[in-house]
Protein chains: 2
Amino acid sequence: MKKPSIKDIASRLNISITTVSFVINGKAKEKNISESLTKKVLDLVAELNYQPNALAKSLRTGKTQILGFLVDDISEPFFAAIARHLDEIASDLGYKILFSSTRNNTQKAIELLQILKDRHVDGYIMALPEGLEEEVKKLIKTETPVVLFDRYVPDVKTDYVIIDNQESVYQATKHLIDNGYKKIGFVTLETSQSQMIDRLSGYQVAMAEAGLSTSVKEVDYKNGADSIAQMTTYFKTERKLDAVIFAANYICMDGLRTFKKMGIKIHQDIAVVSFDDFELLEFCDPPVTAIVQPLNAIADNVMKILLSRLNKAGQATGNTQVKLPAHLKIRGSSLKKI
Amino acid sequence: MKKPSIKDIASRLNISITTVSFVINGKAKEKNISESLTKKVLDLVAELNYQPNALAKSLRTGKTQILGFLVDDISEPFFAAIARHLDEIASDLGYKILFSSTRNNTQKAIELLQILKDRHVDGYIMALPEGLEEEVKKLIKTETPVVLFDRYVPDVKTDYVIIDNQESVYQATKHLIDNGYKKIGFVTLETSQSQMIDRLSGYQVAMAEAGLSTSVKEVDYKNGADSIAQMTTYFKTERKLDAVIFAANYICMDGLRTFKKMGIKIHQDIAVVSFDDFELLEFCDPPVTAIVQPLNAIADNVMKILLSRLNKAGQATGNTQVKLPAHLKIRGSSLKKI
DNA sequence: CTGAAAGCGCTTACAG
DNA sequence: CTGAAAGCGCTTACAG
């Protein structure tokens with residue numbers, strides 16, 4: 001009743017395991033194995049429901065058909081959505097994905113990376129956590145395929161898929177300016193991650209072009225309550241703001257909570273644009289304009305790049321760096337100034 | 001520059017790989033290996049940054065330290081949150097988790113299960129998809145640890161962690177009745193999954209006890225638009241409803257969209273209770289009362305049960321079946337009838 | 001056309 | 001106290 005091995009197949013048929021292996025791996029033709037024998041093997045494989053042991057295969061070939069996926073927190077909607085799409089594509093291609101959350105803990109992230117290495121994953125997909133730059137550089141040196149997404153590190157030469165953060169925020173800011181807003185605030189995180197820097201820069205460029213002065217709040221994120229407290233102070237100080245752009249999903253969530261607490265009305269008191277779209281925005285009154293990331297396209301590109309690397313391992317090709325456009329979904333919160 | 005193996009360590013020290021293996025696995029004492037030799041091995045291991053090859057170890061021991069996790073869709077907030085907690089606990093214990101989404105496709109689910117089997121995962125955690133009952137029974141017969149959560153199948157004898165669906169909906173229904181509501185509707189999915197059946201039954205019992213007649217809508221879920229269309233028809237037909245309970249997260253989401261489209265006001269026109277809490281509910285006007293599942297407790301219990309099975313494999317112990325209480329978070333949507 | 005054998009990197013029963 | 005050797009289940013270069 002235990003799982004049959006290649007040996008069982010071979011001995012039952014009185015042939016060598018070599019032949020069985022060739023047939024199973026579709027090399028019967030190439031290796032000139034007779035059709036009748038091929039059929040016998042295939043029939044027995046089907047009868048016994050033989051499944052090759054992936055561990056043995058991996059040990060021998062050095063390939064595991066497993067990819068490592070490393071992000072801050074897999075339960076964040078953006079990462080969960082990307083994970084889902086990646087998993088979908090990968091499983092169609094015979095790959096499985098090991099998901100890991102670093103929980104913004106560098107030490108933990110390094111450990112997780114080590115575990116993925118121990119498991120001999122064939123490639124890595126990461127939203128690179130801060131503090132992992134050196135580890136990743138080492139990884140890339142070993143010729144392991146690594147594809148980054150969401151953000152990149154100029155210093156780390158590798159493939160990545162990002163969206164055009166600067167351009168999308170630039171367009172969103174311009175949209176607000178075009179609709180008559182002048183005192184536009186920008187609420188972001190205190191971080192040096194590329195995607196946040198680029199978003200800020202898109203805002204700054206648009207404001208400068210229009211000759212408007214900027215107002216930036218960098219939230220030092222500890223937890224929701226503290227973040228709301230920081231924003232409350234900000235909005236109290238900057239009373240004259242007539243619009244605000246929130247630079248990320250949960251920043252926006254906390255911003256909307258802050259408005260609720262302070263009795264600030266969307267659009268009526270302040271126009272709002274959110275980076276990242278999520279269900280809540282559609283339910284606000286009025287609904288909130290959002291910069292929408294192309295989730296499918298991100299996942300598609302990541303997998304495409306990774307697969308092409310996997311298929312030509314060793315060949316030092318140049319880096320593929322993709323920058324995808326985001327889409328501004330205009331809703332009631334950013335309509336013309338009243 | 002390639003990874004050092006146990007052989008490299010042994011040959012460098014002119015000792016056998018047996019000794020190295022014992023030292024690495026902390027059996028130096030037990031095997032009476034001299035302290036000085038133990039230290040030499042450990043030092044070299046540190047110097048070379050030797051990491052045992054997990055594949056070889058797994059092939060030999062039959063244990064992979066990997067767990068399989070199978071749900072409908074990893075990007076659903078409930079599953080994503082559970083996944084995150086499980087991953088957190090598991091990685092502290094040296095286990096990794098392979099996550100898979102079946103996307104409500106039975107054939108796909110069977111394939112995924114097969115892949116997990118091929119990978120020799122040590123145990124399984126699943127929100128059992130419909131149509132997988134027989135496969136899982138086979139799995140359990142092979143003595144592989146399997147822990148179900150979210151729902152169970154009476155027919156499948158195994159460990160599971162669920163919440164008290166019936167009691168929690170019973171209490172929620174009673175809460176509405178106590179607050180003066182009489183025409184209470186119940187919107188659920190057309191499914192035979194245990195958790196949905198139990199939720200429905202909690203509603204029915206509470207209504208019967210109060211001598212009230214029921215109104216149940218079973219949505220045949222295809223997509224959001226269709227679901228909203230079905231609910232629109234339902235709420236048009238059942239005009240006299242003064243309260244409604246939505247039996248799951250995305251059903252509630254679509255219900256709220258339907259209200260928005262129809263101009264139905266929460267609490268003012270109809271009291272609302274949602275099964276599962278999510279951020280949107282807090283932002284509704286008034287905020288929506290929710291039955292909150294204890295996510296941490298679910299994940300904790302699942303892992304506890306699974307680990308105890310892993311540690312005494314083979315011993316046919318009885319099944320551990322845990323039923324956790326849910327918590328009714330009362331908000332403005334279900335306050336006393338106006 | 002087919003097979004014997006080495007080897008991937010470990011663990012462990014057995015021997016001394 | 002320590003080691004030689006078998007074996008987990010595969011793949012593949014080599015031989016005939």
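All values below come from the heavy atoms of this structure, side chains included, with hydrogens, waters and symmetry mates left out. Letters A, B, ... mirror the listed sequences (proteins, then strands); counts begin at 1.
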### Message
Taking pairing as Watson-Crick or G-U wobble with both contacts under 3.5 Å, can you name the mate of C/dC14, or confirm there isn't one?
### Response
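WC or wobble partner is D/dG3.
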Answer with base, sugar-phosphate or nothing: what part of the nucleic acid does [X] contact at a heavy-atom distance below 4.0 Å?
| X | result |
| --- | --- |
| A/Leu55 | nothing |
| A/Ser34 | sugar-phosphate |
| B/Asn53 | sugar-phosphate |

### Task
Considering only atom P, compute the distance from D/dT12 to C/dC1 and round it to an integer number of Å.
22 Å
### Task
Tell me which of B/Ser16 and B/Ala56 sits closer to the 5' end of DNA chain D, going by the nucleotide each one is nearest to.
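Final value for this comparison: B/Ser16.
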### Message
Pick the closest DNA chain D nucleotide for B/Ile33 and for A/Leu59 by heavy atoms, then say which residue is nearer the 5' end.
### Response
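Upstream on the strand: B/Ile33.
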### Query
Within this structure, what is the CG-to-P distance between A/Asp118 and C/dG9, rounded to whole angstrom?
14 Å
Can you identify which nucleotide, out of [options], has its nearest atom closest to the [X] side chain?
| X | options | result |
| --- | --- | --- |
| B/Ile17 | C/dT2, D/dA5, D/dT11 | D/dA5 |
| A/Lys57 | C/dT11, D/dC10, D/dC8 | D/dC10 |
| B/Phe22 | C/dC10, D/dG3, D/dC10 | D/dG3 |
| A/Thr19 | C/dT12, C/dG3, D/dC1 | C/dG3 |
| A/Thr18 | D/dT11, D/dA13, C/dT12 | D/dA13 |

### Query
Hey, is the side chain of A/Lys63 poking within less than 4.0 Å of OP1 or OP2 on D/dT11, counting only N and O atoms?
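Answer no for this pair, as no side-chain N or O of A/Lys63 is under 4.0 Å from OP1 or OP2.
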Heavy-atom distance under 4.5 Å between the side chains of [X] and [Y], does that happen here?
| X | Y | answer |
| --- | --- | --- |
| A/Leu324 | A/Ile162 | no |
| B/Leu48 | B/Ile9 | yes |
| B/Arg103 | A/Arg84 | yes |

### Message
As a quick check of understanding, evaluate side-chain contact (heavy atoms from CB on, under 4.5 Å) for A/Leu310 and A/Tyr95, giving each step before the final call.
### Response
CA-CA 11 Å; A/Leu310 289 169; A/Tyr95 282 93; 3.5 Å; yes
